[in-house]
Amino acid sequence: MTKLRYERPIISKINAGVPDKFGMKTSVETLNQIDTVPVKDILEQYGSPVFVVSEPTIRKTYEEATSAFTSRYPKVQFAWSYKTNYIDAVCRAFHKLGSWAEVVSGFEYQKALNNGVSGNEIIFNGPDKSDEDLKLAIENLSLIHIDHFDELYTILKLAETTDKRPKVAIRVNMNTGIYPQWDRFGFNYENGEAWQALNRLMYSEKVDVVGLHTHIGTYITTPNAYSVAISKLAELATSLKKKFNHAIQYIDIGGGFASKNTLKGAYLPGKDTCPTFDAYADAITGALMSANFAPNELPTLIIESGRALIDDAGYLLGTVLANKRLADGRRSTILDIGVNNLFTSFWYEHEVLPVETTTQQTEDTTLYGPLCMNIDVVRAAVQFPLLQKGDKVAIRRVGAYNMTQWMQFITFRPNVIMIDEEHNTHIIRKAETNATFEAQEVIPEYLKS
Ligand SMILES: *Cc1c(COP(=O)(O)O)cnc(C)c1O
């Protein structure tokens, strides 16, 4: 008997439409209005593609988040994470609701001031603060969260040149059971660096150590990681109290709450797996209240949530440019929405919905953007109905990290509009034009003729 021939196993990609444990979806959802404003009207008035931000959704989400925390803990303050979406109208919508500003650069710091946030309600994070930035932040009594020893020494030096006492906190990184551990920002807890930094600041007597900060990562789906983080920060706070008889004013737990978007490769949709604000609040406030703070020295809890507060409020509307068959027969639909404007399509499987009712007949489809680049894929594989050139589509949950991380590439960035509480629409960022670029570029004399 001859030996059976060995056949090498092959791994092939799973295509769209494979049933999960809930079976196959049978109906095609559509999205034809946002806050009662017809999507078709928005596209007609503001062009295609267009970003839409819903102020009622911002408010609703914010109220949900704040009430989860304030119902469990007496002293809570939210600070809007500028880099998540720093279009001024969006920031102002959060400030109107009572949010402070959380910034990570001189540029964002200026934006917060221009948006009317008072200096002592700006939290200045990040590894890149110039001497000029720090001077201004010290003058304005902003909360400076120190990232590394070089910054710490700069602040101590600057403190000698002013009569203001800098208000500082340190950012602490630590093992919370989250992998990969974010250890590139701040001072490490486990190796004693954080405690050394605090000692250095306290012995200097030149600054006010007002708080402790951490930001353990982003899209964290295990609330328990926050309990671990709080207990470690609380331990530092109790040590400060014991050694220096110094009580801090706040603990800033950072951001990182997941949004309802689905990560690439996830088995279940994000909207079914994303922890609720209540779950995060339970983990955080539970750990805070079990710590050894005297009742009259309970620190304020600061939260810098970004994506979880804004993702749902953002939409990207666009138009089908063409359909074609790929060489292997698969259907591809080309949209005027590309990865240049939808940066998060690199890690999310965004929900793309037809605007008008279509047939219920779907087919395995790849959704491409308009760029002349192979990477321009909005969805690699999705069960999608046949849309025709000119048909409209809407993409949900794009409020976070798109209107800041978008790139100018091959085409312009589009209009961004806001729908207010009365359902009126307003342009909040104008589409770019050729003039936008002409204003920035300089042609040397010798190339002019
Ligand atoms: C980016 C960032 C946030 C917001 O993070 P999300 O994951 O969007 O909630 C908060 N704090 C700091 C320091 C950040 O860098």
Side-chain angles (χ1 to χ4, degrees), residues 29 31 34-35 51-69 78-87 90-91 93-94 97 99 102 104 176 178 180 182 215-226 229 253-284 302-317 337 339 341-353 378-379 382 394-406 416 418-419:
E29 222 187 311
L31 194 149
I34 303 169
D35 297 334
F51 274 103
V52 180
V53 179
S54 153
E55 197 185 2
T57 307
I58 291 181
R59 181 184 40 77
K60 216 175 88 255
T61 314
Y62 186 81
E63 282 168 359
E64 208 182 296
T66 46
S67 76
F69 283 89
F78 276 68
W80 175 238
S81 157
Y82 264 46
K83 75 169 189 293
T84 310
N85 189 323
Y86 47 55
I87 292 184
V90 172
C91 296
F94 279 102
L97 292 165
S99 225
E102 185 273 326
V104 292
T176 58
I178 294 292
W182 278 25
H215 174 62
I216 59 174
T218 194
Y219 206 97
I220 305 286
T221 50
T222 40
N224 185 55
Y226 288 97
I253 191 63
F257 305 159
S259 80
K260 297 189 190 74
N261 261 308
T262 305
L263 287 176
K264 281 192 173 171
Y267 179 59
L268 293 172
K271 56 177 183 278
D272 296 334
T273 56
C274 171
T276 58
F277 286 119
D278 283 313
Y280 290 116
D282 232 25
I284 291 169
I302 296 182
I303 297 145
E304 306 171 342
S305 181
R307 75 172 76 239
L309 292 185
I310 188 71
D311 230 4
D312 280 6
Y315 298 81
L316 182 52
L317 313 178
I337 293 169
V339 296
N341 288 319
L342 192 63
F343 196 81
T344 52
S345 55
F346 288 121
W347 56 84
Y348 285 148
E349 287 184 345
H350 278 293
E351 259 184 285
V352 185
L353 307 170
V378 172
R379 285 295 302 270
V382 60
I395 304 186
R396 236 189 220 155
R397 297 196 182 94
V398 302
Y401 298 106
N402 282 305
M403 288 161 246
T404 47
Q405 283 189 286
W406 50 7
V416 181
M418 183 177 267
I419 301 178

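Hydrogens, waters and symmetry mates play no part in the numbers below; they use all other heavy atoms, side chains included. We're numbering straight along the sequence, starting at 1.
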*Could you state the interatomic distance from CG (D282) to CG (N224), rounded to the nearest 0.5 Å?*
11.5 Å
*For W80 and S99, work out which heavy atoms get closest and say how close.*
N-OG, 3.4 Å
*Quick one: list whatever passes side-chain contact (heavy atoms from CB on, under 4.5 Å) with S345, sequence neighbours left out.*
V339, L342, H350
*First locate atom CG of L263, then atom SG of C274, and finally report the distance between them rounded to the nearest 0.5 Å.*
10.0 Å
*For the pair F277 and T66, evaluate side-chain contact (heavy atoms from CB on, under 4.5 Å) and give the outcome as yes or no after the intermediate values.*
CA-CA 9 Å; F277 286 119; T66 46; over 6 Å; no
*Should I220 and T176 count as side-chain neighbours, where that means a heavy-atom distance under 4.5 Å?*
no
_Using modelled atom types and a 3.5 Å cut-off, is there a donor and acceptor pairing between side-chain atoms of T84 and backbone atoms of A400?_
no
_Side chains of L97 and I58, heavy atoms from C-beta outward: is any pair under 4.5 Å?_
yes
*asked:* With no hydrogens and no angle check, just 3.5 Å: does a side-chain donor-acceptor pair link D312 and T61?
replied: no
*Can you see which heavy atom on L31 is nearest to which on I34, and at what distance?*
CD2-CG1, 3.9 Å
*Heavy atoms only: give me the nearest A258-Y280 pair and the separation to one decimal.*
N-OH, 3.0 Å
*Test log, rule side-chain contact (heavy atoms from CB on, under 4.5 Å), inputs V416 and V90*: CA-CA 11 Å; V416 181; V90 172; over 6 Å; no
_Under the criterion salt bridge (Lys or Arg N to Asp or Glu O under 4.0 Å), I'd like the reasoning laid out for K60 against E64: C-alpha separation, chi angles, the key distance, then a yes or no._
CA-CA 6 Å; K60 216 175 88 255; E64 208 182 296; 5.5 Å; no
*For the residue pair C91 and Y86, establish whether any side-chain heavy-atom pair is separated by less than 4.5 Å.*
yes
*asked:* Restricting to non-hydrogen atoms, name the atom on R396 and the atom on N261 that form the minimum distance, rounded to 0.1 Å.
replied: O-OD1, 4.4 Å
_Trace of the side-chain contact (heavy atoms from CB on, under 4.5 Å) decision for Y226 with I216_ = CA-CA 8 Å; Y226 288 97; I216 59 174; 3.9 Å; yes
*asked:* Within the 4.5 Å heavy-atom criterion, are N341 and N402 side-chain neighbours or not?
replied: no
*Do E102 and Y82 come within less than 4.5 Å of each other through their side chains, counting heavy atoms only?*
no
*Where does the angle between the aromatic ring planes of Y219 and Y348 fall among parallel (under 30°), tilted (30 to 60°) and perpendicular (over 60°)?*
tilted
*Does the side chain of I284 reach to within under 4.5 Å of the side chain of I303, using non-hydrogen atoms?*
no
_Once you measure the plane-to-plane angle for Y62 and F78, does it fall in the parallel (<30°), tilted (30-60°) or perpendicular (>60°) bin?_
perpendicular
*Is there a side-chain contact between V352 and V378, using heavy atoms and a 4.5 Å cut-off?*
yes
_Can you tell me how far apart CZ (R397) and CG (D311) are? Round to the nearest 0.5 Å._
8.0 Å
*Heavy-atom pair of closest approach, residues T262 and A266*: CG2-CB, 4.0 Å
*I would like to know whether L309 and F94 meet side-chain contact (heavy atoms from CB on, under 4.5 Å); could you show each step before the answer?*
CA-CA 10 Å; L309 292 185; F94 279 102; 4.0 Å; yes
*Pair R307-T218, side-chain donor/acceptor within less than 3.5 Å*: yes
*Identify the heavy atoms of A68 and A281 that sit nearest to each other, and give their distance.*
O-CB, 3.4 Å
*Residues in side-chain contact (heavy atoms from CB on, under 4.5 Å) contact with Q405, at least two apart in sequence or another chain*: F343, W347, Y401
*asked:* Over 60° means perpendicular and under 30° means parallel, so tell me whether W182 and H215 are parallel, tilted or perpendicular.
replied: perpendicular
*Compare all side-chain heavy atoms of T404 with those of K83 and state whether any distance is below 4.5 angstrom.*
no
